[in-house]
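Notes follow the structure.
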Amino acid sequence: QVQLVESGGGSVQAGGSLRLSCTESGDTDRRYCMAWFRLAPGKEREVVAVIDSSGFESYAGSVRGRFTISQDNANHALSLRMNSLKPEDTATYYCAAALTGTDGKCLQYTYWGQGNQVTVSS
């Protein structure tokens, strides 16, 4: 098992930047896919960014070029750097971890952080 504790979040003006962090503890020797999800009122949960066990990054089209996911394996920390924030980025953001299959693909996300509210005002 792995435990995820998030930090960061808050309110920022449109065009500003914010950094979310997620600290991993527990069975950190296993290889995980790590991801950031977000949930906005009235909308379904959306995957924002993923970094797989090999370090390959992928992003939702709505954030590509503005958000950057990174993982510090030595310190067991995951980050999401958000630049050029827009009001539509307002949501609760969650970090999550998934085990990987033998082919390196991400399996079901079963470990979740507690969530952080990000509010972007115009």
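Keep in mind that the numbers below use all heavy atoms, side chains included, and drop hydrogens, waters and symmetry copies. Note that this is a predicted model, so its numbers are computed, not measured.
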Report whether Val63 and Phe37 are members of the same hydrophobic cluster (ILVMFWY, side-chain heavy atoms less than 4.5 Å apart, transitive linking). no
To the nearest 0.5 angstrom, please state how far the CG atom of Leu85 sits from the OG atom of Ser17. 6.5 Å
State the CD-NZ distance between Glu88 and Lys43, to the nearest 0.5 angstrom. 7.5 Å
Between Glu46 and Ser62, is any pair of side-chain heavy atoms under 4.5 Å apart? yes
Quick one: SG on Cys95 to CG on Leu20, what's the gap to the nearest 0.5 Å? 9.0 Å
Side-chain donor-acceptor pairs under 3.5 Å in residues 105-112, sequence neighbours left out?
{"from": "Trp112", "atom 1": "NE1", "to": "Tyr109", "atom 2": "O", "distance (Å)": "3.3"}

Do you reckon Tyr32 sits in the same ILVMFWY cluster as Ile69, going by side-chain contacts under 4.5 Å, direct or chained? yes
Among all residues two or more places apart in sequence or in another chain, which pass the side-chain hydrogen bond (donor to acceptor under 3.5 Å, both in side chains) test with Thr119? Gln117
Once you round to the nearest 0.5 Å, how far does CZ of Arg31 lie from CG of Leu99? 13.0 Å
Taking Glu57 for the side chain and Ala49 for the main chain, is one N or O donor matched with an acceptor at less than 3.5 Å? no
Short side-chain donor-acceptor distance under 3.5 Å, Arg81 and Ser70: no
If we ignore hydrogens and angles and just use 3.5 Å, is the side chain of Gln1 paired with the main-chain N or O of Gly26 as donor and acceptor? no
Count I, L, V, M, F, W, Y as connected when their side-chain heavy atoms are under 4.5 Å apart, and connections chain through other members. Are Tyr93 and Val50 then in the same cluster? no
Glu24 vs Leu78 side-chain heavy atoms within contact, under 4.5 Å: yes
Between CZ on residue Arg19 and CG on residue Asn83, distance to nearest 0.5 Å: 12.0 Å
Linked, directly or transitively: Leu18 and Tyr94 (ILVMFWY side chains, under 4.5 Å): no
Treat each ILVMFWY residue as a node, draw an edge where side-chain heavy atoms are under 4.5 Å apart, and state whether Trp36 and Val120 are in one component. yes
Ring pair (Phe, Tyr, Trp, His ring centres under 6.0 Å): pairs with one or both residues in residues 53-78, sequence neighbours excluded: none
Flag the pair Met82 / Val118 as yes when at least one side-chain heavy-atom distance between them is below 4.5 Å, and no otherwise. yes
Return the minimal non-hydrogen interatomic distance between Pro87 and Ala14, and the atom names on each side. CD-CB, 4.2 Å
Distance (rounded to the nearest 0.5 Å) between Thr68 OG1 and Leu80 CG: 8.0 Å
